[in-house]
Every structure is written in C-alpha cells, then in structure tokens.
There are 2 protein chains.
Amino acid sequence: MTVTLADVAARARVSPATVSRVLNGNYPVAASTRERVLRAVDELDYVLNGPASALAAATSDLVGVLVNDIADPFFGIMAGAAQHAIGDGAPGRAGGEKLAVVCNTGGSPERELTYLTLLQRQRAAAVVLTGGAVEDADHIAATAAKLARLADAGTRVVLCGRPPVPAAGEAVTAALTFDNRGGGKRLTEHLLTLGHRRIGYIAGPAERTTTRHRLEGHRAAMEAAGLGGRGLDRLTVHGRYDRRSGYDATLELLRREPRLTAVVAANDTVALGACAALRDQGLRIPDDISVAGFDDLPFSVDAVPALTTVRLPLYEAGARAGRLATGTEAPPPGGIATIGGELMVRASTGRPAS
Amino acid sequence: MTVTLADVAARARVSPATVSRVLNGNYPVAASTRERVLRAVDELDYVLNGPASALAAATSDLVGVLVNDIADPFFGIMAGAAQHAIGDGAPGRAGGEKLAVVCNTGGSPERELTYLTLLQRQRAAAVVLTGGAVEDADHIAATAAKLARLADAGTRVVLCGRPPVPAAGEAVTAALTFDNRGGGKRLTEHLLTLGHRRIGYIAGPAERTTTRHRLEGHRAAMEAAGLGGRGLDRLTVHGRYDRRSGYDATLELLRREPRLTAVVAANDTVALGACAALRDQGLRIPDDISVAGFDDLPFSVDAVPALTTVRLPLYEAGARAGRLATGTEAPPPGGIATIGGELMVRASTGRPAS
DNA sequence: ACCGTCGTAGCAAGCGCTTTCTATCGGTGA
DNA sequence: TCACCGATAGAAAGCGCTTGCTACGACGGT
C-alpha cells in the first residue's frame with residue numbers, strides 16, 4: 001500500500017541504509033548511487049514516514065507556536081512571522097525543513113499546558129510561546145516545570161512578547177519581551193502633556209502580565225504627575241481584549257466620570273470599541289475626548305480618526321523568535337532581550353476641550 | 001533519561017501491553033489494575049512518545065489547518081473556530097484529543113504543497129484547507145494528487161471556504177464553500193438599487209477563486225442592469241487582499257473615472273484602505289462616494305462610517321469544518337455545502353450625490 | 001464434577017527508519 | 001608485490017509503542 005524506504009531501496013538496488021543516508025545527506029554517498037536513489041524516490045513517489053524517522057532519530061522537525069488568540073492580528077502577525085522564519089530556516093536538504101504549527105490556547109492555561117504536552121509527545125524541536133502569561137502561581141509553576149521538561153528533552157524554548165518565566169531559568173533558550181510598561185508610560189505622558197487630567201483606563205484581563213505591565217506604566221505616569229491615589233482605581237476598568245469589552249468599559253467609565261477627557265485602551269482593538277461607544281454617546285474624538293490604543297495593528301492607522309498608539313514591532317519580534325527557535329540566530333546576551341515600543345501620535349488624541 | 005512505557009509497566013508490575021491499553025482505553029482492564037497503572041504514570045511523570053505510537057498505530061492525532069494568511073482575521077477566525085472544534089472534539093480519554101495545528105501558506109502554492117507533504121509525513125488524521133485556491137492548472141493537479149494520496153492514507157480532507165477540487169472528487173471528505181458569487185451580486189445590486197451607475201471594483205489577486213467568484217457576482221449584477229461591456233474592465237483593478245492595495249487601487253480608479261459614485265472592494269480590509277484613500281482625496285463617504293466591503297470582519301462595524309458588507313459566518317464555518325475533520329459531524333449530502341452570505345447594509349453606502 | 005465462556009493480562013511480532021559497526025574494493029607507498 | 005587506507009555500502013540492532021493471539025482463572029450451566 002504505502003511506499004517504504006525498503007521499497008525505494010529495492011528499486012534502486014541498494015540497501016535501506018543507503019537510501020536513508022541519501023535522504024538525510026549527512027554521510028558520503030557516491031554521486032551515481034545518490035542519483036539512482038533519488039530517481040527511485042521520485043518514481044515511487046515516496047514520502048518519508050515522519051513518526052518512524054522521529055522515533056528512530058529521537059527528534060522531529062515540528063516547531064510549536066503557541067498563541068492566545070489566533071483570530072487576533074496581534075498574534076497572527078507574530079505567528080505568521082515566526083512561521084515564515086522557521087519554515088525558511090534551513091531550506092536546504094530534507095530534514096532541514098521544519099514544520100511550524102500554531103496552537104491556539106484561547107488564553108486558557110489548561111489548554112496551554114495541554115498543547116505543551118502534546119508537543120512534548122511529538123518531541124518537538126522547539127516551542128515558541130507568544131503573548132502575555134497568566135499570573136497564577138500554580139499555573140506558572142506548572143508551566144515552568146513543563147518547559148524544563150521540554151528543555152531537557154532537547155526542545156528549544158523561546159518566549160516572544162512574554163516575560164521570562166521566573167522559575168524556568170535555564171529551560172528557556174531566549175526571551176523576547178515587549179516593554180509594555182515603558183510604552184504605557186509614554187502613552188499616558190503624551191496625554192498628560194496635552195493637558196489631560198481625567199484619564200480613564202480600559203485594562204485587559206486582570207491576571208495577565210501584559211495587562212498589568214501596561215497598566216503599571218500608565219499609573220507610573222499618572223503618579224509622576226501627581227494624579228495617583230484612589231482616583232486611579234475609579235478610572236480603571238478591566239475587560240477582555242476585544243472590541244465589545246472596549247465598548248462596554250467606555251460606557252462604564254463615562255458613568256463613573258462624565259467629565260473624562262481621555263481614554264487609554266489596553267490595545268487597539270479595545271480602543272476601537274471605545275471609539276464606537278464614545279461616538280454613540282455623541283462625543284467627538286478628539287475634540288470632546290481623546291482615545292489612545294496600544295500595538296498599532298494594521299487597521300489603527302485607518303481608524304477615523306487615526307489612532308494614537310504605541311507601535312510594537314510584532315513582525316520583527318515574531319521573525320526573530322522563529323530564528324531563535326531554529327537556532328538560526330544566537331540568543332541575546334543573558335537570553336533576554338527587551339523590545340521597545342514607539343509612540344505613534346495620530347489624530348485620536350488632542351488637547352482637552354476646556 | 002526519558003521514561004518509557006516499559007518503565008511504567010515495571011513500576012505498576014504489569015506488562016507494557018497493559019499500560020498501553022490503559023492509556024488508550026479501548027480494551028477491558030480491571031479497575032484496580034488501571035488505577036495502579038495510572039498512579040505509576042503519574043509518579044513517573046510519563047509522557048507518551050508520539051512518534052512511537054504513531055508509528056505503531058499507523059495514525060496520529062495531528063490535524064492540519066492550512067490558511068493563506070494567518071495575520072488576516074478572515075483566516076484567523078476560521079482557524080480558531082476549527083481548532084476549537086477539533087480540540088474539543090473527543091475530550092474524553094487520552095487519544096481522543098487531537099492536536100490542531102495551523103499552517104500558514106502565505107498564499108503560495110508551493111508552500112501549500114510543502115505543508116501537505118509534511119502533514120502526510122506525520123500521517124495527519126485530517127487536513128482542513130481554508131480560503132480560496134489558486135487557479136493554476138498545474139497546481140490544481142498537484143494539489144488534487146496530493147489530496148488523493150492523503151485521503152487513501154486515511155487522512156480526512158475538508159475544504160472550508162474553498163471550492164471543491166475538480167479532480168480530487170472522492171479524496172475530499174467534505175467541502176464547505178462560501179457563496180461568493182451570490183454575495184458579490186447582492187452587494188452590487190444594493191448599490192444599483194440606490195441609484196449608482198459608475199461603480200468601481202477593487203478585486204483581489206487575479207488567480208484566486210475567491211477573487212474570481214466575487215467579481216463574477218459583481219459583473220452579473222452590472223450586466224443585468226445593462227451596465228456590462230468593456231466599461232467593466234476599465235473600472236476593475238486587481239491587487240492583494242490588504243489595506244495598502246485598497247488604497248492604491250482606489251487612487252487608480254479615481255484616475256480612470258473621477259466621477260465614480262461607488263467602490264466595491266474585494267474584502268473589508270481592502271475597503272478600509274479604499275476609505276482612507278477617498279478621505280485623503282477629500283471625498284466624503286457616503287455623501288460623495290459609497291464604499292462596500294466583503295466578509296464583515298469584526299472591525300467593519302466600527303469603521304467610520306460603518307461598512308456595508310456581506311457577512312460570512314466565518315466562525316460557524318470554521319467550527320463545522322473542524323467537526324467534519326474529526327468526524328464529529330456527518331458530511332453534508334454530496335459532500336458539498338454552500339454557505340451563503342448576508343448583506344449588511346450600513347452607513348458607508350448611500351444614494352449617489354447627483 | 002466437567003467443559004465452554006467470559007474477563008483479563010502477557011507474549012511477541014512488528015511499524016519504518018536511523019546508525020553503529022563491519023565488509024568490500026580500488027588504490028598507494030614501500 | 002603486499003600490507004594498509006580511504007571511500008562506500010550493507011547488516012543488523014534497536015527506537016517505544018500497539019495489537020493479534022494466546023494463556024489462564026473463575027464461573028455457571030447441565
């Protein structure tokens with residue numbers, strides 16, 4: 001039924017060992033023999049049996065890329081870049097080709113662990129974890145343990161846009177983290193500079209690192225401006241990283257403080273929802289109220305008005321993570337690199353009305 | 001170093017066969033024995049060796065989901081839904097859990113084939129192909145052949161948002177196709193009804209089925225209104241499915257026909273680019289010119305003005321494809337189901353000025 | 001009390017490939 | 001001319017798991 005190495009060997013009148021060596025190209029095989037084998041492979045339309053070779057060689061060419069939400073371009077862009085870098089990593093001979101697969105955790109710690117186990121099962125060559133992590137002690141411990149297990153099974157572990165795992169130290173090959181705190185700080189400073197004082201903040205899910213860091217940056221800026229204290233809590237609303245959440249949170253913010261002059265959203269998608277809510281309330285942006293996002297996703301520049309936001313080099317980061325995962329690029333010193341964001345001032349922010 | 005089935009067996013004082021059966025749960029094992037085994041698994045922190053079991057069982061729990069562009073929510077939504085449906089397909093015992101992985105082809109036929117081969121290598125349980133296909137005879141033949149090969153290796157093949165492969169007939173388990181033609185037609189009819197006559201069309205890449213079908217629908221509507229002929233070609237511009245392409249194409253259309261009263265875009269992303277271009281030209285939407293998109297991606301309702309478009313039930317389609325891939329749902333009669341789009345009339349279209 | 005059965009568990013033969021070790025052969029330098 | 005060597009190719013031993021078949025008690029019907 002299915003063609004095996006032995007069939008190819010028979011056809012090429014050589015031993016299976018020779019065929020294997022031709023295919024893997026890491027052993028001297030006479031040119032004439034090689035050609036004969038290759039022809040047989042072609043004629044028989046032979047396809048290597050992945051599991052069998054993974055079993056025998058104790059390695060596989062699978063690279064897993066874990067994302068929180070595949071429908072969100074934030075992850076899509078990073079994953080696409082990583083996959084690209086990985087697929088083209090060693091385009092040379094067979095075996096150099098890695099299969100990058102992206103796994104959607106939906107933000108659930110359990111699914112993340114499940115996928116990690118599944119990848120461990122497959123003896124994945126590398127794993128790339130993207131996006132913020134959940135800050136639950138149990139989960140962090142479980143993840144760290146799993147990563148350690150993976151690492152000493154030879155799987156490379158790369159973090160992209162996620163803070164280094166505290167306990168997993170040596171397990172992680174490299175960690176690329178975004179400067180969410182700094183970006184959040186600069187964004188709010190921009191608003192403060194424009195003269196805003198009553199600034200609402202729409203945060204993401206409370207337990208995620210990304211959420212916390214961006215919020216911390218915001219608060220640091222507020223406090224530095226003498227606007228700290230309890231007022232901050234009143235003007236902060238948590239929600240999911242989606243449009244709807246931004247819409248609802250904005251309404252809530254307006255309810256708490258009708259004289260709000262600016263809203264900072266956890267990310268661009270949320271900001272879009274916020275804009276919609278504001279418009280529905282009859283408020284003009286930025287005349288009546290300013291809005292800012294985070295990430296600078298592709299659609300943000302086309303929003304009306306164009307969104308002021310913090311640009312994160314998602315594509316570059318993903319590509320770099322991919323290269324680190326394939327070992328094409330050397331890890332940064334210390335294994336950790338922080339990637340900064342760039343403040344993009346656009347039309348959605350302006351001076352407060354009064 | 002690594003724990004194997006045999007280790008677990010030794011620890012539980014049973015044979016490897018028994019352990020295997022406990023883990024796969026498809027053979028009677030006494031409760032007490034089972035428990036002992038499970039405990040050993042736990043204590044040893046055993047993880048099944050995927051390749052080994054795939055080799056022995058000649059099947060794997062991998063399901064591949066191929067997408068053209070993972071950074072595009074159009075695909076992200078479908079892929080996420082499929083992955084969800086697949087992962088939760090048989091959450092019962094181990095083994096029922098499938099690993100859905102998404103592979104990003106970047107729209108390249110070669111990469112598509114490469115991934116298909118890679119999945120074939122892994123003896124994937126199923127493959128889901130999403131999005132339009134490239135209409136190149138060679139590639140279609142190659143794909144059909146590959147799918148046939150996969151199919152008779154026992155891999156289920158599901159098409160989602162892609163027209164049935166002509167030559168692959170029996171190879172395909174099920175095909176879910178979007179009624180792009182009908183949607184395109186209705187969209188243009190809507191514009192015609194409003195009174196538009198000079199309607200520009202921004203199409204996607206020429207060689208893709210999705211592009212062709214949507215365009216055909218548009219033209220059918222135009223012709224039915226007596227607006228056929230060569231004028232259509234003049235008012236059609238091809239480009240990629242991205243924002244930038246929409247921007248550029250719009251400028252080109254305006255150059256060709258300054259008196260344009262409406263622009264229909266290949267999809268929402270392109271439409272957004274079109275809106276940006278029009279705004280930059282000082283044109284008001286919909287007062288001076290109407291714009292329509294396709295897909296109804298999440299951000300479309302938040303665009304300003306909200307985008308008139310054709311809603312495609314992306315999530316539902318993806319989920320269904322996932323279920324078909326896992327065999328959780330029976331294929332539609334004939335293996336083919338056409339999914340209709342719903343015209344969403346919003347603020348970006350209105351009566352022409354004059 | 002005997003034998004067919006049912007319920008469990010073990011044996012052992014692979015699954016298809018990689019890789020170490022060994023064999024072979026045409027040179028080569030002395 | 002002969003021992004020796006480099007370059008290739010083959011033999012065979014697994015890699016860790018699944019599964020068909022066999023083995024073995026304990027039951028229950030007659």
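Letters A, B, ... are given to chains in the order of the sequence lines, protein chains preceding strands, and every chain is numbered from 1.
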Could you work out which one of [options] sits closest to the side chain of [X]?
X: A:L48; options: C:dT18, C:dG16, D:dA9; value: C:dT18
X: A:A52; options: D:dT8, D:dT19, C:dG16; value: C:dG16
X: A:A56; options: C:dA9, C:dT19, D:dC15; value: D:dC15
X: A:T18; options: D:dG16, D:dG10, C:dT8; value: D:dG10

Of all residues at least two apart in sequence or in a different chain, which pass the salt bridge (charged side-chain N to carboxylate O under 4.0 Å, His left out) check with [X]?
X: B:R36; value: none
X: A:R21; value: none
X: B:R323; value: B:E329
X: B:R208; value: none

Measure the distance from [atom1] on [X] to [atom2] on [N] and round it to the nearest whole Å.
X: A:N49; N: C:dC15; atom1: CG; atom2: P; value: 12 Å
X: A:L44; N: C:dG16; atom1: CG; atom2: C1'; value: 15 Å
X: A:L55; N: D:dT18; atom1: CG; atom2: C1'; value: 12 Å
X: A:L23; N: C:dT19; atom1: CG; atom2: C1'; value: 15 Å
X: B:R13; N: C:dT8; atom1: CZ; atom2: C1'; value: 18 Å
X: A:Q122; N: D:dG16; atom1: CD; atom2: P; value: 15 Å
X: B:L5; N: D:dG16; atom1: CG; atom2: C1'; value: 7 Å
X: A:N24; N: C:dG16; atom1: CG; atom2: P; value: 17 Å

### Message
Quick check on side chain to side chain contact (heavy atoms under 4.5 Å, CB included): which of A:V37, A:V29, A:D7 does A:V19 satisfy it with?
### Response
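Among A:V37, A:V29, A:D7, the one that satisfies the side chain to side chain contact (heavy atoms under 4.5 Å, CB included) with A:V19 is A:V37.
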### Message
Regarding B:V19, tell me which of base, sugar-phosphate or nothing describes its non-hydrogen contacts under 4.0 Å with the strands shown.
### Response
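Since no nucleic acid heavy atom lies under 4.0 Å of B:V19, the category is nothing.
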### Query
With a 4.0 Å cut-off on heavy atoms, is B:V29 in touch with a base, just the backbone sugar-phosphate, or nothing at all?
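If one applies the 4.0 Å heavy-atom cut-off, B:V29 turns out to touch the sugar-phosphate alone, with no base involved.
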### Task
Decide yes or no for A:P332 and A:R320: does some side-chain heavy atom of the first lie under 4.5 Å from some side-chain heavy atom of the second?
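When only atoms from C-beta onward are counted, A:R320 and A:P332 do touch, with a gap below 4.5 Å.
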### Residue pairs passing the salt bridge (Lys or Arg N to Asp or Glu O under 4.0 Å) test where at least one lies in residues 138-151 of chain A, sequence neighbours excluded
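Listed by first then second residue: A:R149-B:D45.
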### Message
With no hydrogens and no angle check, just 3.5 Å: does a side-chain donor-acceptor pair link A:T18 and A:S15?
### Response
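There is such a pair between these side chains.
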Phosphate OP1/OP2 of [N] contacted by [X] side-chain N/O (<4.0 Å):
X: B:S15; N: C:dG10; value: yes
X: B:S20; N: D:dT19; value: no
X: A:S53; N: C:dG16; value: no

So which protein nitrogen or oxygen atoms get under 3.5 Å of nucleotides 20-26 of chain C's nitrogens or oxygens?
| from | atom 1 | to | atom 2 | distance (Å) |
| --- | --- | --- | --- | --- |
| C:dT20 | O4 | A:R21 | NH1 | 3.1 |

### Toward the 5' end of DNA chain C, by each residue's nearest nucleotide, B:T33 or B:R123
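Taking each residue's closest nucleotide, the earlier one in sequence belongs to B:T33.
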